[in-house]
Structures are given as C-alpha cells and as structure tokens.
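Have a look at the structure below, then the notes.
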Amino acid sequence: MQYSNRVLNTPSSFIRNILKVTDAPDVISFAGGLPNPISFPLENLQEAINRAIDENGSKIFQYASTNGYLPLRQYIADKYNRKHDLGITADDILLTTGSQQALSLLSQVLINPGDGIIIEEPGYLGAIQAFTMSEPSFYPVTLEEDGLNLEELKVALDQPNVKFIYTVPNFQNPTGLTYTAERRKEVYELIKDRDIILVEDDPYGELRFKGDSLPYIAAGKSENSVLLGSFSKTVTPGMRLGFIISKNKELMRHIETAKQASDLHTNIFSQYAIYEYLTHNEYDTHVQKIIELYDAQSKVMLEALEEHFPENVSFTRPEGGMFVWATLNNGMTAMEFFERAMDVGVAFVPGDPFYTSKKDVNTLRLNYTNSAPEVIRDGIKRLATILKDAEIV
Ligand code: PMP
C-alpha cells in the first residue's frame, strides 16, 4: 500500500511514544503534559451529567449543530467579554473536539502544500504535528524570555504565502514562558495591517500563579485574530472540549465546513454536561484550587532544581501553566540525558520534537503538575546525579 505524503511526513507523537515507556509504575515521569487528576471535579461532574440527562432527555444523545450548543457558546462569550473585553457574541465561537482539533481545522482551511506558517521555536509539538498534515513550510521564530524575537519575525513575515502565525502567549508549551505586555504590543504592531492570521492558543491562561493577567496580542482587536481555548486544563481533558473565537466571519464559515467534514459536531453530551457543571458550580473557586496546587508543585520543582542541578543548567521560572524548560550547557544532548535518565527511572521530554529546524538540541521539558511534591524532589535529585557524573568525566 502506498500511503499519502501527508501522513508519511508527519511524525507520530514523540510524547505519546515516550509515554508508552514511562507508564511503568516505578518510573518518575515529568514527560506527559497531564493535568493532575486530583483536580478533576468528579462529584460535581457526576451531578452535572445526571442533571443534563434529567433536564434534556434524548436531545443530549442526538446529532447536533456543527458550531456547538448555544448556551455554552453564550457562556464562553460572556466570560471572555467580562474578563478580556473582547466584544464577541456566541456566533463568534465554534466548539471543537479539544483545541487540538482547532489546530487541525485551521491548517486545513488556510494551508495549501508549501504555504507558510510562522511558529514559535521551540513550539507546541501537537501543533507542529497537526499543521504538518497540511504540508506547510514552517518559518520558525525564536521564542525568547519576552516572546517572539521581533527581528526574526519581521524576516519571517516577508516570506512567500505566509498564512498564519501560531503563538501560545501564556505559559507556553514547552517552555513555560509568557510574552510580556510590551512584546505583545510589538508583535501586534507588526501584524495588524497584514493579511495574515494571528493564532493565540491559550489553554493555560487561567492557570496563573504569579503576576497579573495580560491582554491578548490581537484577540478582540483585529479581524485577523483567532483565539483558542480549552476546558482540558481547568475541568477535564477527557471530555475533549475546546473552542475557536474569531470575529472573522468568512474564516469561521470555512472552519465550520471543515469541521462538518471532519466530525459533524463536537460530542454534544460533553457540551451539555460541561454547561451544567459551569452554571451550577463555583468555577472560579475550582480554578483557584488548581492554581494553588500547581503553584506549590512548581515551587517544589524549582527549589529542587536550584538545590541539586549544577549551575551550568539554566531553566525557566513559569508564572503559571504546567512546564519548566531546562537548557543543559555541559555538552550533553537532551537525548543522551534522556537515555541515562531512564536508567535512573526518570522521564522527561527531550527538546528535539519541539523544533522544526534543529536536531540534537540540549533543551528539555519538565512537567510538574502530575507528580506529588516528594516524587518531584526525588526525580530531580536522581536527574542531578547524572549531571554531576557528567561534570566529572
Ligand atoms: N495547545 C496547547 C499549547 C497545548 O499544550 C495543548 C495540550 N497539551 C493543546 C493545545 C490541546 O489541548 P486540548 O485538545 O486538550 O484542548
């Protein structure tokens, strides 16, 4: 059988492959990007599901509209208008099967083979994978401490047929970095008059444990803006509920067509259940609990890194979200480190799959949300022994 170039050129998810190895019970895993399951509001979800069935009957098991359950879209519109002053209506929202589907739909709608996508380097692996299916040309732009590198962005913007820029402005996956207010403005100035879409993928924005929430780069301000959200990190990822927000009617119409072709509509049972959950519980209080949990876990990881890692390893200090990004400066690649880490029973994600233009990198992603504090301390200590050995050699 001859398979399509599309799928042959798309790597299977490195992380999912790693998870197969790291699922063993005695391995300490900083590899996955999993929310802590103790944060799932099980009882309240159970009540919400029962209520959804009692109140709506067979409707919640029937086929439904492609753009999604109107009360849920209205709820999301109201929330974003209240918190971010976006000036959107329920019609500017389309519910997707996780925000991952939104990435896939966007590239299907915008990219012909060879068209350009500007992407953060390092960038979210799942986005690289979703976009690769449309056979784009990637124009990577370095993600610095403050956000995208502006000089590189200017050059990338002048490349032929660039259709969109993909950003994760808050607590980025994989680096944990957040664009500063200043850099957001600068990026906006560069893109605002161009016929290029700016995608802001923001599944982590609510999980801020330090500093103040910042305005989006373009959301609410520009026709060319697309904002993505998700309930995966704040309620549950298994329900697969995400959403696209854009005032660009033409783009939204094409996305709706692509979604019809893809799955007709997002799981309607999940949509009703989450709506019932959101409207009958103190969502903000619930999110606050997750923030406190991740704040504590991140502090434990950062303290352990400070205490045990040699000085030549640098790492980010996230203000929210789920990841720390470390850079080895000892001549070792992240893949070499990974192989030795498996010998001491610790897993993380080597940086390689997050780059579209580099190999054999010396960076790696550490997740702190899915391990208890004592496990985090133990895992970082074990990793440190490898780095100390490497220094002696
Ligand atoms: N975007 C980013 C930046 C992510 O980190 C993730 C999840 N790891 C997703 C999108 C996809 O999330 P979901 O499909 O569960 O909403």
Side-chain angles (χ1 to χ4, degrees), residues 13-19 29-37 39-40 68 72 76 93-107 117-133 143 147-148 164-179 198-208 216-217 219 226-245 255 259 262-263 266-267 270-271 274 287 290 294 316 318-325 348-349 351 353-356 365-370:
S13 168
F14 194 87
I15 295 184
R16 291 194 171 270
N17 295 343
I18 285 186
L19 289 180
S29 180
F30 301 135
L34 306 186
N36 196 320
S39 72
F40 302 158
L72 180 56
I76 296 167
I93 297 178
L94 183 130
L95 286 154
T96 53
T97 302
S99 50
Q100 187 65 29
Q101 185 187 39
L103 301 173
S104 195
L105 296 176
L106 274 167
S107 56
I117 298 176
I118 297 177
I119 185 156
E120 296 162 332
E121 175 125 301
Y124 168 50
L125 164 62
I128 296 173
Q129 194 185 35
F131 300 158
T132 301
M133 288 290 277
L143 181 67
L148 282 174
F164 67 88
I165 309 173
Y166 173 73
T167 67
V168 181
N170 297 312
F171 330 124
Q172 194 241 17
N173 182 359
T175 62
L177 293 172
T178 296
Y179 289 48
L198 182 89
V199 181
E200 295 177 85
D201 182 9
D202 191 30
Y204 305 107
E206 285 182 281
L207 301 181
R208 177 181 274 282
Y216 285 112
I217 301 170
V226 169
L227 175 62
L228 306 182
S230 173
F231 292 107
S232 289
K233 309 300 181 325
T234 50
V235 187
T236 137
M239 280 199 176
R240 309 304 302 125
L241 282 179
F243 44 92
I244 304 181
I245 301 178
I255 289 176
K259 181 160 170 72
S262 166
D263 64 354
T266 297
N267 184 325
S270 295
Q271 296 182 51
I274 208 140
V287 172
I290 305 180
Y294 292 176
T316 58
E319 296 182 342
M322 305 186 13
F323 306 107
V324 170
W325 183 246
F348 53 80
V349 187
F354 301 104
Y355 295 81
T356 51
R365 191 188 79 177
L366 298 165
N367 165 268
Y368 47 76
T369 60
N370 200 30

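Both ligands and their constituent atoms are indexed starting at 1 by order of listing. If you read the sequence from its start, that first residue is 1, and numbering goes on from there.
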For P203, the atoms of ligand 1 under 4.0 Å from one of its heavy atoms are 1 (N), 2 (C), 3 (C), 4 (C)

The atoms of ligand 1 lying under 4.0 Å from a heavy atom of R240, numbered in the order shown, are 13 (P), 14 (O), 15 (O)

Just checking, any donor-acceptor pair under 3.5 angstrom between side chains of E120 and Y179? yes

Contact region, Q172 to ligand 1, non-hydrogen atoms below 4.0 Å, reads neither

re atom 1 (N) of ligand 1, the protein heavy-atom contact at minimum distance is D201 OD2, 2.5 Å

Honestly, for S99 the part within reach of ligand 1 (heavy atoms, under 4.0 Å) is both

Atom 9 (C) of ligand 1: closest protein heavy atom, distance to 0.1 Å, is Y124 OH, 3.4 Å

(message) Contact between ligand 1 and Q101 is defined here as a heavy atom of the residue under 4.0 Å from a ligand atom; is it met?
(response) no

Closest non-hydrogen atoms of G32 and N367, given as atom of the first, atom of the second and distance, are O-CB, 3.0 Å

Query raised in the report: How about T316 and F171: do any of their side-chain heavy atoms sit closer than 4.5 Å?
Result: no

For F243 and S230 the tightest heavy-atom approach is CE2-N, 3.7 Å

Logged contact type for Y204 with ligand 1, heavy-atom cut-off 4.0 Å, is side chain

### Task
Mark the output for S230 as yes if a heavy-atom distance to ligand 1 is under 4.0 Å, and as no if none is.
yes

Candidates Q100, M239, K233, M322; heavy atom nearest atom 7 (C) of ligand 1 found on K233

Assess the side chains of T97 and D263: does a donor N or O sit below 3.5 Å from an acceptor N or O? yes

Item to complete: Let me see the working for Q172 and Y124 under side-chain contact (heavy atoms from CB on, under 4.5 Å), right down to the final yes or no.
Response: CA-CA 8 Å; Q172 194 241 17; Y124 168 50; 5.8 Å; no

Nearest heavy atom to atom 15 (O) of ligand 1, choosing from G33, S232, S104, belongs to S232

Can you label the angle between the Y204 ring and the F323 ring as parallel, tilted or perpendicular, going by 30° and 60°? perpendicular

Q. Side-chain donor-acceptor pair under 3.5 Å between T369 and K233, yes or no?
A. no

